[in-house]
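In what follows, a single structure is set out as C-alpha cells and then discussed.
Please read all numbers here as calculations on a predicted model, not as lab measurements.
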Amino acid sequence: LDRTPSTKTKRYNTGDFDKEKLDKPLLYNKIRRTYKRYGISVAQFDGYIDSIPGPDLIFVGSGMTYWIEGLNQTIRRVRARFPNTPVCIGGTAASLIPGYISAMNTNNTFIFPRRLTDNTGRLGLPCGLHLERSGWIPGLLDAFALIRPERHGAVLTSLGCPCSCSYCASHMLQGGFHFRQPEDIIKESLFLIDTLDSKNIAFYDDALLFESSRHFVPLMESLRRKDVFFHTPNGLHLKWITAKTAACMKQSNFKTLRFGYESGRQKFRKDTSRKASLELIEQKTAVLYNAGFSGNDIGIYVMAGLPGQRPADVYQEIRAVARFGTKVKPVFLSPVPGTPLFYHYEKQFPAIKSDPLWHNDVFFITQLDGWSENAVEEIKTMSREIRAS
C-alpha cells in the first residue's frame, strides 16, 4: 500500500492508493459502484517476490473479512513462487474467520490468530523457530524502519477498548484494554516525524482518551511540535472530553477530531453501549469550541444499519446532530463475526456465516428492510448539504 510520488493527495496529505478496477463478484452485481483492488500492481508484487531469496517463513497479514479475495490472491501468488515455505496468516480476518481462511488455504498454511496482548513468552512457529516475546506489548519501531518516507504516519497508543458495543469486535481481537508503554509510543512517533518526515500523525486507538490524564495528556506533552498536525479518524468517546483534554489537543495541533455518536435514540442505546446522547454532544462540543476548535474540525459519526433502523431514523439523527455546528459523518454497519449484532443478523441472513463478502458495509446495508443504494446515497448527500447550509 505504499503510495508513489504521483499519488494525488488531499488535505493534510491524506490521499488515495494505487488501484486497479476488477470485475465485480456476482454478489455485488447490482451495486452501481466500481470494484477495485488497492495497492501495488500484480506485476510489481511478482517482481518483488521474484527478487528475494527463499525465506524460512512467510507472514501474511489480514484486515477486513470482506477483503478476503485480496488475501487469497496474495497467498496464491506467494505459493506459486515459494511452494514449500510455510505461510502464517495473522491479523483481523484470521482472528474472526479462521475456519474459512483455513478451508481456502490448506497447503502448508497456518492460521496464527495470536493477540498482541497475549503474554505467552515463546511463540512456536511452523518452521521450528521461536518468536521471543519481551514485554507485555511489543514495540513497532523495527517495523516502522521498513517504511519508506511518507507524508502521513499512524500511531497506536493502546489496544482494545473498555466499551462493548454490539457491532464492534475490538474486545474480541485484543482481549481487553491495554495501554502501550509511553517510551515505545514516543520513539515510534519521533521516528515517523524526524526520520520519515511525517508531519501528519493519525491515532488509530479504539479508546484514545480513556484515563487521559495519566496517558494521553502526558504523552502529547512529549510529542508536541509546531510543525506537526495530529488527527483522530477513529471515533473518540465524547464522554471523556474535558476542558483539560480539549486544551491539550488544541495546543498539540489536532486538526481532525472525529467522535462516535452512532445513535442517541433510546431503542438503539443498548447497541451503542450508551455511548452518547444529544445532550452530551451539546455539552462536549461547547467544551471543544471553548478550547478554540471550530465546527469544521469536528466530525460526528452517525450509524445506519442498527436493528429496526430505517432511513427516516438516520435522517432525523443527522438533522439533530447538525444543530451543534459540526460535520455529520454517516457510517454504514458491517456485520462483524462474533459480535452480538452478527448473531442477530445471521438469523435473517444465514449467508453471512459462510460468505465474508456479505460483510461489506456497502452491500449489506442494501439488504436490510427499507434500505436501498438510493437511500444510502440520499443520506450521504443530505449529510453534506446540511453541513454546507
_Just so I know, are the side chains of N107 and V87 near enough to count as touching, which here means a heavy-atom distance under 4.5 Å?_
no

_Listing request: all ring-ring contact (aromatic ring centres under 6.0 Å, His included) pairs with a residue in residues 352-379, at least two apart in sequence or in separate chains._
Y28-F363, F342-H359, Y345-F364, F349-W358, F349-F364, W358-F363

*Please collect all ring-ring contact (aromatic ring centres under 6.0 Å, His included) contacts where either partner lies in residues 292-336, sequence neighbours excluded, each pair once.*
none

*If you take all heavy atoms of N374 and R32, which pair is closest and at what distance?*
OD1-NH2, 2.8 Å

*Hey, are the side chains of D369 and R310 touching, using non-hydrogen atoms and a 4.5 Å cut-off?*
yes

*Heavy-atom side-chain contact between I75 and M104 under 4.5 Å*: no

_Please determine whether the number of non-hydrogen atoms from other residues, nucleotides or ligands lying under 6.0 Å from atom NZ of K187 exceeds 12._
no

*For atom NZ of K244, is the number of surrounding heavy atoms from other residues, nucleotides or ligands below 6.0 Å larger than 12?*
no

*For the atom pair CG (L238) and CD (E282), what is the distance rounded to the nearest 0.5 Å?*
12.5 Å

*Under the side-chain contact (heavy atoms from CB on, under 4.5 Å) criterion, do T245 and V217 qualify, and how do the steps go?*
CA-CA 7 Å; T245 56; V217 171; 4.2 Å; yes

_Smallest separation among heavy atoms of H231 and N200, with atom names_ = NE2-OD1, 2.9 Å

*Could you check if a side-chain atom of E69 sits within less than 4.5 angstrom of a side-chain atom of P25, using non-hydrogen atoms only?*
yes

*asked:* In the structure I gave you, are the side-chain heavy atoms of L333 and Q309 within less than 4.5 Å of one another anywhere?
replied: no

*Using 4.0 Å as the upper bound for N to carboxylate O, is an ion pair formed by R180 and E188?*
yes

*asked:* Against H215, only a single residue in W240, F179, F210 fulfils ring-ring contact (aromatic ring centres under 6.0 Å, His included); can you say which?
replied: F179

*Please test L208 against T157 for side-chain contact (heavy atoms from CB on, under 4.5 Å), starting from the C-alpha separation and ending with a verdict.*
CA-CA 7 Å; L208 180 64; T157 81; 3.7 Å; yes

_Contact check, side chains of V321 and T326, non-hydrogen atoms, under 4.5 Å_ = yes

*Assess whether atom NZ of K30 is packed by more than 12 heavy atoms of other residues, nucleotides or ligands within 6.0 Å.*
no

*Over all heavy atoms of both residues, which pair between C248 and M220 is shortest? Give the atoms and the distance, please.*
SG-CB, 3.6 Å

*Heavy-atom check, side chain of M382 versus side chain of V314, under 4.5 Å*: no

*Locate the shortest heavy-atom distance separating A94 from I111; write the atom from each residue and the value.*
O-CG2, 3.6 Å

*Shortest non-hydrogen contact from A291 to A247?*
CB-N, 4.1 Å

*asked:* Testing the basics here: between A80 and P83, what is the closest heavy-atom pair and its distance to 0.1 Å?
replied: O-CD, 4.2 Å

*Would you call D205 and F216 a side-chain contact if the rule is heavy atoms closer than 4.5 Å?*
no

*Is there a donor in the side chain of T92 and an acceptor in the side chain of S95, or the other way round, less than 3.5 Å apart?*
no

*Start with the C-alpha gap between L209 and H237, add the side-chain angles, then the distance that decides, and say whether side-chain contact (heavy atoms from CB on, under 4.5 Å) holds.*
CA-CA 7 Å; L209 299 182; H237 292 74; 5.9 Å; no

*Ion pair check, R225 and D194, cut-off under 4.0 Å*: yes

*Around atom CG of D50, are there more than 12 heavy atoms of other residues, nucleotides or ligands at under 6.0 Å?*
yes

*Please assess N108 against F110 for the test side-chain contact (heavy atoms from CB on, under 4.5 Å), listing each intermediate value before the final yes or no.*
CA-CA 7 Å; N108 205 14; F110 303 86; 3.5 Å; yes

